[in-house]
Amino acid sequence: MGRGKADGKPRKRLVTTVLLLAIVGALFYLYSRKNGSSSIEHGSKSVKFGDDSAIPKTIPVCDDRLSELIPCLDRNFIYQTRLKLDLTLMEHYERHCPMPERRYNCLIPPPPGYKIPIKWPKSRDQVWRANIPHTHLATEKSDQRWMVVKGEKIGFPGGGTHFHYGAGKYIASIANMLNFPNNVINNEGRLRNVFDVGCGVASFGGYLLSSDVIAMSLAPNDVHENQIQFALERGIPAYLGVLGTLRLPYPSRSFELAHCSRCRIDWLQRDGILLLELDRILRPGGYFAYSSPEAYAQDEEDQRIWKEMSALVGRMCWKIASKRNQTVIWVKPLTNDCYLKREPDTRPPLCSPNDDPDAVWGVKMKACISRYSDQMHRAKGAGLAPWPARLTTPPPRLADFNYSTEMFEKDTEYWQQEVTNYWKMLGNKIKPDTIRNVMDMKANLGSFAAALKDKDVWVMNVVPENGANTLKIIYDRGLLGTVHNWCEAFSTYPRTYDLLHAWTIFSDIIEKECSPEDLLIEMDRILRPKGFIIVHDKRLVVLSIKKFLPALHWVAVVTSNVEQDSNQGKDDAVLIIQKKMWLTSESIRISE
């Protein structure tokens, strides 16, 4: 009896302590929600548009530690969920999205001291240090002149691992090696789209722009911290990705030139599967410029790699177009003739005729050669007009969708008028340098981007993963883009776009039974403070979005047809939104 009685008091004290801790925790949680303080929240809420009771009055602000969160490329998520990934295949740098119950339902805060980004074209050469407070690369790559710290700013002299004297001279040397007229890389408009793998801070892509050449600069979220974030802050097209196990999110025959400058990729692994992925996205007659020790070094290991790599590309029917100093440039064949003349059982093999080389979303890479279509084989090339005529000339691959020239021209004309109307609605809210990085969230044929040709912007054209894969038409117009599923987060850093064009994307999300609120929070994540969103959707959908604006700290700039009865006119409406500039310090402070 004595022993039982003696044990009772500690048990009561333990229960009392647990209850007190629970009460204090609950009070702290309620207080933080009431005051809008920075917090980390999980759990996606499914919001039914049109149901006013489901619209939150406020959306909490994430913890400051999440100011650079990329939900589907979050290493902390990988560690916490203990995903079994093969590090040697770079699977940890591929997309791994959290389930809805593990998503952060909060607004990503800017870092302390954040400033509105420097305007293009000055931004190519300098950005605010506070916006991306990472200077590791300035020290690690100091001898290569990637970037230098200059007080409140970070400067980009244009250097790179293999172009210490600047990207401009390096680009001119590549043009010279290929005997392009006047050493200009665009080859009189015939070279327009470039793929730069392992791009660093994208100075190569940044310096191509002055020659009317546009590059998709690709790098993973790896130890070279925030390199793609620097690229986008500079106003240079870039995307977070890796040559790992999945196909790149680009259709076949998209680029005239692929480039790798000391990108540290083992091109021989897995039967050359990574080099075969480059082969898939290169156009007939496309080039691969490779600057690496294997191309010139004399030590035994480099010579072994060079010998094996030369044999591999030979079996792929590539030929050396030029080799000088530290760089070799290979060129692809124009037709299927070489492939068909190879000895039986030559490796790598040709891909199965049933393989769709344009299927990319979640599709594994294949160690085989994608042959050209009959049309490309007969034309001995892609059959594209030179830039800038390419932008408005109907490309041959329209036939893949049974689209006529008339349909293409009508689509181009329609979006030219829509963009004109958008800019009239924006009025004095924008100046020529207000917008640089643009995203068309449902790009179709790329005509929205084509209508912006006279503005100093670039457009990330996004094609939904479950619709017609029109991304190849976009690339054939000399534009850039990617495939994506808007039920998931996009592969970019926070605060990287100035304008988002959301044409019927919310109707699509609702039809797929995904969360519109999640999409709104994701759009807030990738939009820069003071940036704009153009929502063009059904009237009731637009009305529902409008009710979310206070919780998101967005403001309506202008509307069109929103209040109109759908029975009396067309059902679509336009809402143009601007994101406010706000900071955090225990609570949200609007600083305007």
Side-chain angles (χ1 to χ4, degrees), residues 38-44 60-112 114 131-141 146-147 197-202 217-233 238-249 263-266 269 274 361-362 364-365 482 484-485 487-497 518 521-522 524-526 584:
S38 296
S39 58
I40 299 178
E41 301 227 348
H42 288 286
S44 180
V61 179
C62 300
D63 189 281
D64 287 343
R65 291 169 294 177
L66 298 177
S67 67
E68 293 175 350
L69 176 70
I70 311 164
C72 293
L73 296 169
D74 182 11
R75 276 170 283 186
N76 288 328
F77 170 72
I78 293 174
Y79 299 149
Q80 291 167 7
T81 53
R82 299 181 180 180
L83 295 179
K84 294 181 180 179
L85 305 174
D86 191 331
L87 304 188
T88 64
L89 302 183
M90 301 297 174
E91 286 185 315
H92 54 307
Y93 293 138
E94 295 180 330
R95 289 173 57 84
H96 302 284
C97 299
M99 297 298 289
E101 62 271 14
R102 287 195 61 89
R103 292 177 184 169
Y104 292 101
N105 290 311
C106 49
L107 305 179
I108 302 294
Y114 180 86
N131 291 7
I132 310 178
H134 300 282
T135 58
H136 172 67
L137 285 175
T139 303
E140 182 184 346
K141 304 291 185 179
W146 278 32
M147 50 188 271
V197 60
C199 65
V201 293
S217 298
L218 183 96
N221 182 24
D222 63 6
V223 293
H224 288 157
E225 56 185 19
N226 304 76
Q227 50 194 338
I228 291 297
Q229 190 178 17
F230 279 118
L232 291 164
E233 184 77 7
Y239 185 79
L240 276 165
V242 68
L243 281 165
T245 67
L246 300 175
R247 279 180 171 175
L248 296 167
C263 52
R264 297 183 178 181
I265 292 174
D266 177 8
Q269 64 173 284
L274 304 184
W361 186 255
K364 292 286 187 180
M365 288 182 189
T482 187
H484 186 62
N485 176 6
C487 295
E488 302 174 355
F490 193 76
S491 293
T492 192
Y493 284 89
R495 303 171 300 279
T496 45
Y497 286 87
D518 281 358
I521 291 173
E522 171 63 5
D524 182 82
R525 184 185 74 86
I526 64 182
T584 59

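Bear in mind the structure is a predicted one, so any value in this text is a computation, not a measurement.
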ask   = Relative to Tyr114, does Arg495 satisfy both conditions: NZ or CZ under 6.0 angstrom from the six-membered ring centre, and within 45 degrees of the ring's axis?
value = yes
message = Using every non-hydrogen atom in the two residues, find where Asn131 and Glu233 come nearest and quote the distance to one decimal.
response = ND2-OE2, 2.9 Å
note = Tightest non-hydrogen contact, residues Val61 and Pro109, listed as CG1-CB, 4.0 Å
message = If we ignore hydrogens and angles and just use 3.5 Å, is the side chain of Glu522 paired with the main-chain N or O of Ala489 as donor and acceptor?
response = no
ask   = With side chains defined as the heavy atoms from C-beta onward, is the minimum distance between Leu240 and Gln229 less than 4.5 Å?
value = no
inquiry  = With a 4.5 Å cut-off on side-chain heavy atoms, are Ile132 and Tyr493 touching?
reply    = no
inquiry  = Can you give me the closest heavy-atom contact between Glu91 and Asp86, atom names plus distance?
reply    = OE1-N, 2.6 Å
message = According to ring pair (Phe, Tyr, Trp, His ring centres under 6.0 Å), who are the partners of His484, at least two apart in sequence or on a separate chain?
response = Trp361, Trp486, Phe490
inquiry  = For the CG atom of Leu66 and the CD1 atom of Ile70, what is their distance to the nearest 0.5 Å?
reply    = 11.5 Å
ask   = Looking at Pro220, Cys199, Ser217, which one forms a side chain to side chain contact (heavy atoms under 4.5 Å, CB included) with Gln227?
value = Pro220
remark   = For Glu488, the side chain to side chain donor-acceptor pair (under 3.5 Å) test, sequence neighbours excluded, returns Arg95
note = Rounding to 0.5 Å, atoms CG (Leu89) and CG (Leu246) come to a distance of 10.5 Å
query = Any side-chain heavy atom of Ile228 sitting closer than 4.5 Å to one from Asn221?
reply = no
message = Return the NE2 to CD distance between His134 and Glu68, rounded to the nearest 0.5 Å.
response = 3.5 Å
message = Looking at Arg103 and Pro71, would you say the former's side chain and the latter's main chain have a donor-acceptor pair under 3.5 Å?
response = no
ask   = For the atom pair CG (Asp64) and CD1 (Ile108), what is the distance rounded to the nearest 0.5 Å?
value = 10.5 Å
note = CE (Met365) and OG1 (Thr245) are apart, to the nearest 0.5 Å, by 7.0 Å
Interatomic spacing from NE2 in His92 to CG in Leu85 - rounded to 0.5 Å = 8.5 Å
query = Looking only at heavy atoms, what is the nearest atom pair of Met147 and Thr135, with distance?
reply = CE-CA, 4.4 Å
Minimum-distance pair of heavy atoms, taken over all atoms of Pro494 and Ser67 = CG-O, 3.5 Å
ask   = If we only count heavy atoms from C-beta on, is the Leu243 to Leu248 side-chain gap below 4.5 Å?
value = yes
